[in-house]
Amino acid sequence: MELNADFTKRAIVHSQGIPWTPSPLPGVERRMLDRIGEEVARATTIVRYAPGSSFSAHTHDGGEEYLVLEGVFQDEHGNFPVGTYVRNPPTSRHTPRADSGAVILVKLWQFDPEDRHHQSTDTLSMKPILVKPGVAEIPLYRDNRERVRIEEWSAESEIEISGHLGFEALVLDGEFDLDGETFGQHSWVRLPPNDHAKVRVGDQKVRLWIKSDHLSVAQTAPGRN
């Protein structure tokens with residue numbers, strides 16, 4: 001399966017407007033944002049766990065990162081409430097579940113194969129730092145391949161997106177306009193390297209999960225060169 005698999009083009013998904021698709025496991029549904037592969041895939045997905053649902057134990061050969069959007073996500077390593085950002089590197093193993101239900105943004109098979117950095121960060125306990133007019137940031141992770149953060153864009157501001165090697169954002173709260181198109185909660189956009197964009201924020205601040213500079217290397221998938 002290939003979905004938004006051309007990384008030289010913009011990709012946009014207003015996920016609230018698409019149906020949930022059942023996964024192979026009962027009670028686990030998803031909205032796919034991009035994907036290369038079948039059940040084992042390079043993928044960016046919003047996943048919904050019904051109360052009491054779980055995934056069987058598995059190893060993340062290509063790594064996994066996720067942000068909890070709703071509820072509490074769990075595994076044998078702990079409880080991860082809404083706002084928690086987690087990185088499970090290649091070779092890590094767990095048995096995820098959601099006793100009371102959860103929704104997460106998850107990215108699979110997008111790590112450096114040598115990465116062994118585990119991380120769990122409560123983003124809601126952190127205060128954003130002003131980095132330029134109209135933009136405050138909570139830094140989450142950075143290496144020579146990518147930069148991950150939460151950003152807050154001030155109400156009624158104009159934000160320039162430029163000078164990057166790939167840019168990807170999921171709207172957590174608020175709305176902005178890009179080329180006449182409105183991006184609301186859980187809308188997702190991916191820009192190819194050096195794609196310039198200017199957005200206009202609505203009358204309330206926007207909070208986003210953002211990854212950038214991650215498309216400077218060839219994007220591969222399990223079993224593909």
Side-chain angles (χ1 to χ4, degrees), residues 10-16 33-34 44-46 64-73 80-88 102-107 110-111 115 117-216:
R10 287 190 182 185
I12 292 169
V13 179
H14 299 291
S15 71
Q16 299 275 41
L33 306 180
D34 68 21
T44 305
T45 313
I46 296 176
E64 170 198 59
E65 67 180 315
Y66 63 83
L67 177 70
V68 182
L69 304 177
E70 299 176 17
V72 179
F73 196 58
F80 307 103
V82 62
T84 306
Y85 172 71
V86 174
R87 293 179 70 92
N88 291 322
V103 177
I104 65 172
L105 169 71
V106 61
K107 295 178 72 69
Q110 296 173 51
F111 278 53
D115 189 346
H117 172 76
H118 286 268
Q119 178 176 338
S120 174
T121 303
D122 177 7
T123 68
L124 297 186
S125 69
M126 304 171 70
K127 183 177 180 180
I129 302 167
L130 187 68
V131 292
K132 61 182 179 180
V135 178
E137 175 184 306
I138 296 172
L140 297 177
Y141 180 79
R142 186 170 193 164
D143 64 14
N144 60 0
R145 292 166 53 102
E146 64 183 22
R147 182 161 73 97
V148 186
R149 68 266 191 198
I150 300 293
E151 283 193 7
E152 290 187 357
W153 296 348
S154 299
E156 301 181 346
S157 60
E158 289 191 355
I159 307 298
E160 296 270 356
I161 303 170
S162 62
H164 58 81
L165 295 175
F167 177 93
E168 183 176 342
L170 182 80
V171 180
L172 304 178
D173 295 293
E175 293 184 351
F176 67 82
D177 180 276
L178 172 60
D179 294 339
E181 190 170 357
T182 299
F183 289 73
Q185 188 179 49
H186 297 178
S187 288
W188 172 84
V189 58
R190 191 189 69 216
L191 307 180
N194 300 309
D195 187 2
H196 176 269
K198 179 183 286 187
V199 306
R200 296 177 180 271
V201 180
D203 58 7
Q204 297 182 7
K205 71 178 180 182
V206 177
R207 184 175 170 92
L208 312 97
W209 174 91
I210 294 176
K211 181 192 285 285
S212 64
D213 302 325
H214 58 307
L215 301 181
S216 61

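Note: hydrogens, waters and symmetry copies are ignored here, and every other heavy atom, side chains too, is used. This is a predicted model, so every value here is computed, not measured.
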Query raised in the report: How far apart are the C-alpha atoms of I150 and M126, what are their side-chain angles, what is the distance that settles it, and do they pass the side chain to side chain contact (heavy atoms under 4.5 Å, CB included) test?
Result: CA-CA 10 Å; I150 300 293; M126 304 171 70; over 6 Å; no
Taking only residues two or more places apart in sequence, or in another chain, which ones meet [X] in a side-chain contact (heavy atoms from CB on, under 4.5 Å)?
| X | answer |
| --- | --- |
| P139 | E137 |
| D213 | H164, L165 |
| A11 | N4, W188, R190 |
| H118 | N88, P89, S92 |

Roughly how far, to the nearest 0.5 Å, is the [atom2] atom of [Y] from the [atom1] atom of [X]?
| X | Y | atom1 | atom2 | value |
| --- | --- | --- | --- | --- |
| Y66 | I104 | OH | CD1 | 6.5 Å |
| L208 | I159 | CG | CD1 | 9.5 Å |
| I138 | L140 | CD1 | CG | 7.0 Å |
| D34 | T44 | CG | OG1 | 3.5 Å |
| L33 | T45 | CG | OG1 | 6.5 Å |

Query raised in the report: For F80, which residues count as a ring pair (Phe, Tyr, Trp, His ring centres under 6.0 Å) partner, sequence neighbours excluded?
Result: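 Result, ring pair (Phe, Tyr, Trp, His ring centres under 6.0 Å) vs F80: none returned.
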Query raised in the report: Residues two or more places apart in sequence or in another chain: which of them pass ring pair (Phe, Tyr, Trp, His ring centres under 6.0 Å) with H117?
Result: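 H117 satisfies ring pair (Phe, Tyr, Trp, His ring centres under 6.0 Å) with Y141 once adjacent residues are dropped.
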Which atoms form the tightest heavy-atom contact between [X] and [Y], and what is the distance?
| X | Y | value |
| --- | --- | --- |
| L191 | V189 | CD2-CG2, 3.9 Å |
| W153 | S157 | C-OG, 4.3 Å |
| T121 | Q119 | OG1-NE2, 2.9 Å |
| A136 | P128 | CB-CB, 3.6 Å |
| V201 | A155 | CG1-CA, 4.0 Å |
| V72 | A102 | O-CB, 3.6 Å |

Listing, residues 171-184 side-chain donor-acceptor contacts under 3.5 Å, not counting sequence neighbours, or none:
from: D177; atom 1: OD1; to: G180; atom 2: N; distance (Å): 3.1
from: D179; atom 1: OD2; to: R10; atom 2: NH1; distance (Å): 3.0
from: E181; atom 1: OE2; to: H14; atom 2: NE2; distance (Å): 2.7

Query raised in the report: Any side-chain heavy atom of L170 within less than 4.5 Å of one from I46?
Result: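 In short, these two side chains touch, coming nearer than 4.5 Å.
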For [X], check side chain to side chain donor-acceptor pair (under 3.5 Å) against everything at least two apart and list the hits.
| X | value |
| --- | --- |
| S15 | none |
| T84 | none |
| H186 | none |
| R149 | E151, S212 |

Query raised in the report: Looking only at atom types and distance, does a side-chain atom of T123 sit under 3.5 Å from a main-chain N or O of G83, one as donor and one as acceptor?
Result: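 Yes, because the side chain of T123 sits within donor-acceptor range (under 3.5 Å) of the backbone of G83.
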Query raised in the report: Is the closest side-chain donor-acceptor distance between H214 and E168 under 3.5 Å?
Result: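 Yes, a side-chain donor-acceptor pair sits under 3.5 Å.
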Report task. Using a cut-off of 6.0 Å, state whether more than 12 heavy atoms not belonging to R207 lie near its atom CZ. Result ->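 Buried by this count: over 12 neighbours within 6.0 Å.
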Query raised in the report: More than 12 heavy atoms of other residues, nucleotides or ligands under 6.0 Å from CD of Q204: is that the case?
Result: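 No, CD of Q204 has 12 or fewer neighbouring heavy atoms, counting only those of other groups under 6.0 Å.
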Query raised in the report: Listed by chain and number, what are the salt bridge (Lys or Arg N to Asp or Glu O under 4.0 Å) partners of R87, not counting sequence neighbours?
Result: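 Testing R87 for salt bridge (Lys or Arg N to Asp or Glu O under 4.0 Å), a comparison that skips the adjacent residues, returns E65, D115, E146.
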